[in-house]
Amino acid sequence: MIIGAEVTVLGAGIGGLAVATALAQRGANVRVLEQADEIAEVGAGIQISPNGVAVLRALGIGPVGGASSAVSLCDGASGGQVLRMALPEGFELVHRADLITALAAAARDAGVQIQLGERVESVDADGTQAVLRMVDGTASRQDILIGADGLHAKTRTAVLGDIAPFFTKQVAWRALIPGRGEPAEARVFMGPGRHLVTYPLRGGALTNIVAVEERASWAEEGWNHTDDPANLHAAFAGFCPEVTDMLAQVEAVNIWGLFRHPVADRWSRGAVVLLGDAAHPTLPFLAQGAVMALEDAWVLADALAVHDSRDQAFAAYQAKRKPRVTRAIEAANANARNYHLAGVKKTAAHAGLRMINAVAPQR
Ligand code: FAD
């Protein structure tokens, strides 16, 4: 049904740009509406496992990062290695800005119209066509509206009702520092109630830091803000010199309250279908949130190309994606517990740690 179909995608994040490109390459007329005035990502790294890299390649996007050869789990206090898992070929460590730039270029090359500064106020999914109302008061009707508008998605509200995301009792700091000649792999330094992940970016020119701490509550307004690097340093004060030396180099840092929803029970209503974080936000401890959005994009575009009706395509997409995404999210939740154990429980628990390569490619 896809040739010549008019499709609107809400959100120019990783998921939105990927699905827009996949659909345009199959013959659809696609436009993307994005509230921001420019296409940008947070200044941080992202790990893309082979199942996500496979989608990028299928979209015609070449390597945008460096290869990753292993994940090493280290005791945060001593720095000693607990476990090293060699990764098969195909894992990439990518700067988010480089990935989003490549995705936007691929979308434009495929003929996608990207409209910036377009903020959607509300979505109504009750009729056969969706009604999209913009903050400037204009409204339009859509035959196919793909909700790739992230954790606070208006499209999710249209499909499932207005339910606020819940705080996972974890916060994450993200920072970049100058490269330190580390190996091309991800290292996880673990301690009670906290862990820190680090890996090189852009051929070692930068080192990416993601540091997570358990917190009882998130009292701040909004869900991310800048923080004083001293707070990050203090949170990891008992960690080994390698970690404290790295944190001493942090000059600017943001902190996120990690919020999520359960995996959506239904992924579509009428003309609206959800994708990526709008359908299934996850804790980042399996490095699969963006990768699942890339897989969603490919599977949804295929379903729309193969099935005769929109409703059949949406049903086939949900049936294929929901069980797999649910498994990945459960594995990420298990890692949250295992990474933050104290003392002797640690080594035994890590035998059961789920890693990103446990999720085989789905395209
Ligand atoms: P988003 O990236 O949230 O994009 C949504 C877009 O919609 C935005 O551009 C937004 O501006 C736009 N939008 C929203 N509302 C409106 C509106 N009303 N009108 C118009 N536009 C709107 N995943 C991995 O795969 N690997 C990792 O290593 C990894 N590490 C992570 C580390 C941390 C600390 C965190 C927090 C997450 C991590 N993730 C990782 C998860 C990943 O970042 C997300 O799952 C992914 O970015 C979701 O993409 P998305 O396109 O679904 O949504």
Side-chain angles (χ1 to χ4, degrees), residues 10-19 40-56 64-65 68 71 91-100 103 146-153 155-156 165-174 186 188 195 197 199 208-212 223-224 254-264 267 274-300 321-336 339 354-363:
L10 182 50
I14 294 167
L17 290 172
V19 75
E41 259 285 358
V42 290
I46 189 163
Q47 303 177 70
I48 304 290
S49 51
N51 43 326
V53 169
V55 175
L56 293 174
V64 279
S68 177
V71 176
F91 281 79
E92 288 186 13
L93 304 171
V94 182
H95 196 299
R96 281 173 181 264
D98 300 341
L99 178 59
I100 207 78
L103 279 164
I146 299 178
D149 42 342
L151 176 69
H152 303 282
T155 50
R156 187 178 174 109
F166 64 90
F167 180 52
T168 61
K169 301 201 169 154
Q170 316 253 5
V171 298
W173 289 270
R174 292 200 270 208
V188 185
H195 77 274
V197 183
Y199 49 84
N208 184 65
I209 297 172
V210 181
V212 174
W223 57 289
N224 87 76
N254 271 58
I255 185 167
W256 277 259
L258 298 181
F259 285 77
R260 78 180 182 86
H261 286 286
V263 176
W267 289 29
L274 305 176
L275 175 149
D277 276 11
H280 46 72
T282 175
L283 283 170
F285 308 148
L286 196 70
Q288 285 293 304
V291 169
M292 288 292 120
L294 288 169
E295 284 193 351
D296 285 353
W298 190 266
V299 172
L300 177 58
R321 295 297 300 148
K322 191 170 171 242
R324 176 176 171 82
V325 161
T326 304
R327 278 202 310 279
I329 289 174
E330 282 166 2
N333 291 340
N335 278 358
Y339 282 167
R354 328 272 187 92
M355 292 314 300
I356 36 189
N357 53 355
V359 183
Q362 182 186 44
R363 288 178 39 200

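All values derive from a computational prediction rather than experimental measurement.
- When each of L103, D277, L56 is checked for a side-chain contact (heavy atoms from CB on, under 4.5 Å) with I14, only L103 meets the rule.
- Although no hydrogens or angles enter the test, the distance criterion places no donor-acceptor pair under 3.5 Å between the side chain of S68 and the main chain of F91.
- Considering N208, I100, L99 in turn, L99 is the only one that fulfils the side-chain contact (heavy atoms from CB on, under 4.5 Å) rule with V94.
- G276 and D296 get closest at one heavy-atom pair: N-OD2, 2.9 Å.
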Full working for side chain to side chain contact (heavy atoms under 4.5 Å, CB included) between R321 and L275: CA-CA 10 Å; R321 295 297 300 148; L275 175 149; over 6 Å; no
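- Here CD1 of I329 is found 9.0 Å from CG of L283. Values are rounded to the nearest 0.5 Å.
- For the salt bridge (charged side-chain N to carboxylate O under 4.0 Å, His left out) test, no residue two or more places apart in sequence or in another chain qualifies with R260.
- Between A18 and L294, the closest heavy-atom pair is CB-CD2, 3.7 Å.
- Listed for the D98 side chain is no donor-acceptor partner under 3.5 Å among the backbone atoms of G65.
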Test side chain to side chain contact (heavy atoms under 4.5 Å, CB included) applied to V212 and Y339, step by step: CA-CA 10 Å; V212 174; Y339 282 167; over 6 Å; no
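- Residues A186 and Q47 come closest through the heavy atom pair CB-OE1, 3.6 Å.
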Verdict with supporting geometry, R96 and I46, side chain to side chain contact (heavy atoms under 4.5 Å, CB included): CA-CA 6 Å; R96 281 173 181 264; I46 189 163; 3.7 Å; yes
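- Contacts of V53 classified as side chain to side chain contact (heavy atoms under 4.5 Å, CB included), with partners at least two apart in sequence or in another chain: I48, R57, E92.
- Residues R156 and P281 are in side-chain contact: their nearest non-hydrogen atoms beyond the backbone lie under 4.5 Å apart.
- Minimum interatomic distance between V171 and G257 (heavy atoms only, all atoms of both residues): CG1-CA, 4.2 Å.
- Side-chain contact between N51 and Q288 is present, with at least one heavy-atom pair separated by less than 4.5 Å.
- R324 contributes no side-chain N or O that, together with a main-chain N or O of M292, makes up a donor-acceptor pair within less than 3.5 Å.
- Of all heavy-atom pairs between T282 and A332, the closest is OG1-CB, 3.7 Å.
- For the atom pair CG (L286) and CG (N335), the distance works out to 6.0 Å, reported to the nearest 0.5 Å.
- Of all the heavy atoms in G147 and T155, the pair that sits closest is CA-OG1, 3.3 Å.
- Taking the six-membered ring where the residue is Trp, H195 and F285 present perpendicular rings, their angle passing 60° and hence far from 30°.
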Residues W267, H280; criterion side chain to side chain contact (heavy atoms under 4.5 Å, CB included); working and verdict: CA-CA 9 Å; W267 289 29; H280 46 72; 3.4 Å; yes
